[in-house]
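First up is the structure itself, then whatever we jot down about it.
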Amino acid sequence: MNCRWFYVGLFGLISVGLFACKMGRKSAPTSVKEVVDKAVTRLYETHKPEQLDTISQAYILQFLTESEKEVLATKYLTFDVDVPAVVSLMRDQNQKVIPFWLNGSGFQKTTLVVKNEEYTYEVWQKAVQPGTVQLGINGFDKHRPVYFISVGPQKPGDKLTITNVYPASQTLDTLRVGAFTYHDWSDLTLTEVPESLRGQMLFQTIRGRAREAHLVGALRKTVAPSQKRPDQVLLTWSDDPATTQAIQWRTAPSVEDGWVQYWKTGTTDTLSKQATAFRMEDRLLQNDRYINRFTAQLSGLKAGTAYGYRVGSKTGSWSVPATFRTQSATTDGFSFIWFGDTHKSPDWGTMARKTLERHPDVAFYSIAGDLVSTGLHRDEWDELWQHSGDIFRYKPLMPIPGNHDSQDGLGAWMYQEMFSLPQNGPTRSDVPTEQTYAFTYQNALFLMIDATSPIEAQTAWIREQLARSKADWKFAFFHFPPYNFEEDYRDIRREWCRLFDEYHVDMVMSGHVHYYQRTKPMFAEKPVASSAKGTIYTISIGIPSEHEVWPDADYAQVRYKRGPFYQHMTINGKTLIYTAYDKDGHVVDDLKIVK
């Protein structure tokens, strides 16, 4: 099953990471988010950590006030109907605990079932009169197959109009075989729909909405809580690599100001740059709910120059000094390293730290998506930075998101706040800023594409970038591999690979399927001229992996089913040297291309 998860906009109910919850208000709660924010805060204030691991739905219902339960039962999804109607609620049979409000709100379980390839849903129904329909949360258990609904008129022939839908970004369709229910999983379509429900208005949903009231077994701890001393120091670029440098780090929330002090190595002339601060919240992270993340943008740097720097606060602690080097003003050659899926793995971290020892002159790193396994859990990002050691405070990291970073249809807001990246991607609202971007390093163009965003929405931008580039080398990074034996990405081949043929993209780097592969030069279409060279498509995996099923793939030049690996690429004028290594530094694949 193809689990590509599309970002369609945060519903507005689960803004779990934006700012501190509004404590101290005396008015009654008005949203699911407000209720859960306050409930979590009270739990932290009144319970020991070991008690938080044992709370059940029954305890939560006792713990909440009546007004809070009323909000959870009525403010999750609301809309108006203009004629008498029947609401059908499709609930996954495998959800162990029925939503607490369902039985008492007039819904009755029927004998009807709705199915897709993964789940079977029991159908609950309720007759409603013209006016507002109010529905409650999916549960306290983060059951990912969230319920969905359809609405039809009670009287055949009545024309039903639905208005005032909340949340406003709720998407509607027609209930039928072939419709998809989860807007973040478009390939999971309905295979069985009762005749009596077909043609009704379908309210599609997002699996991430299960997180809105997640409290049972929800509270987590990070192995690396923030402190006053800066840590997780990270280099990226958001502008010209020759003259700018972006630096990010975190502190405890008590540290309110952030600064970078930097200097040309070998000199004592120190400059300072103030950073912007962002208060990040993971409300279910009981030992580190809030942190401050800082970003400083250095500009006016000299090309091809080594700089020393440290980050910190004028009223507090400073980091250990580190160094970075700006891109040379000439095309004197460079190298970089990229990884497939890393999933915050300690095995990947051990390998990654060794890469800097083996290849100290690399210009930057990249990760082709799935940096962590659950992108909305900040403790996993803490593990990623802990396992990687200090390599990214010396060499910039230019990543792209994978489906685990942009998870369950809620987007990749935490990924976005971790990185300062170029804001030169598509201007469409359905392609989030900094998740698709481009940068040029010396004579190479890098297209960093978010394949978890809508594919067709990015095609025109890709064409524009390729058409105007004068670079000798053209590379594209995106998470989902167009040529693999597990999942069929024909839309990517149709939309993007044809452009790679037309403008001759030299190599594509992907991950996702957890094995290593380098293809023969490929064409999405027949080449216009017989002298045209195809695009090489590579896949890598940065963690241990194993594939029991291993069918033939006639497009593959080299394949390995056991990871982890990393790839080192050197560009020197018109020559490219590609080398793939295993975790012990042994060469497992190499290639030389001369233009």
Side-chain angles (χ1 to χ4, degrees), residues 1-11 13-14 76-77 79 87-95 112-124 135 138 142-152 162 165 167-212 375 401-412 428-432 450-459 479-480 486-495 512:
M1 180 61 65
N2 180 347
C3 301
R4 188 173 320 145
W5 301 341
F6 292 109
Y7 175 83
V8 294
L10 219 56
F11 268 115
L13 298 175
I14 194 175
Y76 174 82
L77 174 62
F79 56 92
V87 178
S88 298
L89 184 148
M90 275 58 80
R91 174 185 170 272
D92 178 29
Q93 289 181 340
N94 290 325
Q95 186 180 23
L112 301 175
V113 294
V114 173
K115 295 182 180 180
N116 55 36
E117 294 179 4
E118 297 287 334
Y119 309 111
T120 297
Y121 302 87
E122 58 193 32
V123 180
W124 294 60
L135 303 177
N138 190 69
K142 205 192 75 170
H143 188 73
R144 292 175 73 199
V146 176
Y147 77 74
F148 58 95
I149 68 167
S150 67
V151 185
I162 294 175
V165 179
S169 52
Q170 172 71 56
T171 56
L172 305 177
D173 197 0
T174 301
L175 185 61
R176 66 191 187 283
V177 172
F180 66 86
T181 55
Y182 299 115
H183 207 289
D184 61 314
W185 194 349
S186 62
D187 293 320
L188 183 64
T189 58
L190 295 176
T191 58
E192 183 177 320
V193 177
E195 185 68 34
S196 61
L197 299 182
R198 296 183 184 184
Q200 293 189 355
M201 186 69 73
L202 168 65
F203 284 59
Q204 294 168 324
T205 189
I206 287 183
R207 290 180 295 166
R209 297 207 68 192
R211 299 175 183 273
E212 293 179 25
N403 50 286
H404 282 268
D405 309 312
S406 180
Q407 194 169 46
D408 287 358
L410 294 180
R428 294 179 47 140
S429 61
D430 51 355
V431 183
D450 176 16
T452 71
S453 290
I455 301 303
E456 294 182 5
Q458 305 180 78
T459 303
H479 186 59
F480 301 120
E486 290 192 348
E487 299 180 6
D488 184 9
Y489 294 107
R490 65 184 65 186
D491 51 352
I492 292 179
R493 295 195 298 274
R494 180 187 67 245
E495 291 290 320
H512 187 58

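These numbers come from a predicted model, not from an experiment. For reference, positions follow the sequence shown, starting with 1.
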Can you tell me how far the CZ atom of R494 sits from the CD atom of E456, to the nearest 0.5 Å?
-> 5.5 Å
R144 side-chain N/O to D408 backbone N/O, donor-acceptor pair under 3.5 Å | no
Rounded distance [0.5 Å steps], CD in E212 versus CG in L410 = 7.5 Å
Residues T459, E495; criterion side chain to side chain donor-acceptor pair (under 3.5 Å); working and verdict = CA-CA 6 Å; T459 303; E495 291 290 320; 2.6 Å; yes
By side chain to side chain contact (heavy atoms under 4.5 Å, CB included), Q95 pairs with (sequence neighbours left out) R91, P99, N138, D141, H143
Would you check if the side chain of T191 reaches a backbone N or O of K115 as a donor-acceptor pair within less than 3.5 Å?
-> yes
Distance, nearest 0.5 Å, that separates CG of L112 from CD of E122 = 11.5 Å
Just say parallel, tilted or perpendicular for the rings of Y119 and Y182, cut-offs at 30° and 60°.
-> perpendicular
Identify, with sequence neighbours excluded, every residue that meets side chain to side chain contact (heavy atoms under 4.5 Å, CB included) alongside R493.
-> P482, Y483, D488, R490, C497
Rounded to the nearest 0.5 Å, the CZ atom of F79 sits from the CD1 atom of I162 at a distance of 6.0 Å
What is the minimum heavy-atom distance between S453 and V431, and which atoms define it?
-> OG-CA, 4.2 Å
Measure the spacing between CD of E117 and CG of L188 and express it to the nearest 0.5 Å.
-> 6.5 Å
How many angstroms lie between CZ in R209 and CG in D184, if you round to the nearest 0.5 Å?
-> 12.0 Å
May I ask you to decide if Y121's main-chain N or O and Y147's side chain share a donor-acceptor pair within less than 3.5 Å?
-> no
Quick one: do the T171 and Q204 side chains pair a donor with an acceptor below 3.5 Å?
-> yes
Looking only at heavy atoms, which two atoms of V114 and L197 are closest? And how far apart?
-> CG2-CD1, 4.2 Å
Non-hydrogen atoms of D92 and T120 that approach each other most closely = OD1-O, 3.4 Å
By side chain to side chain donor-acceptor pair (under 3.5 Å) - contacts of T181 (at least two apart) = none
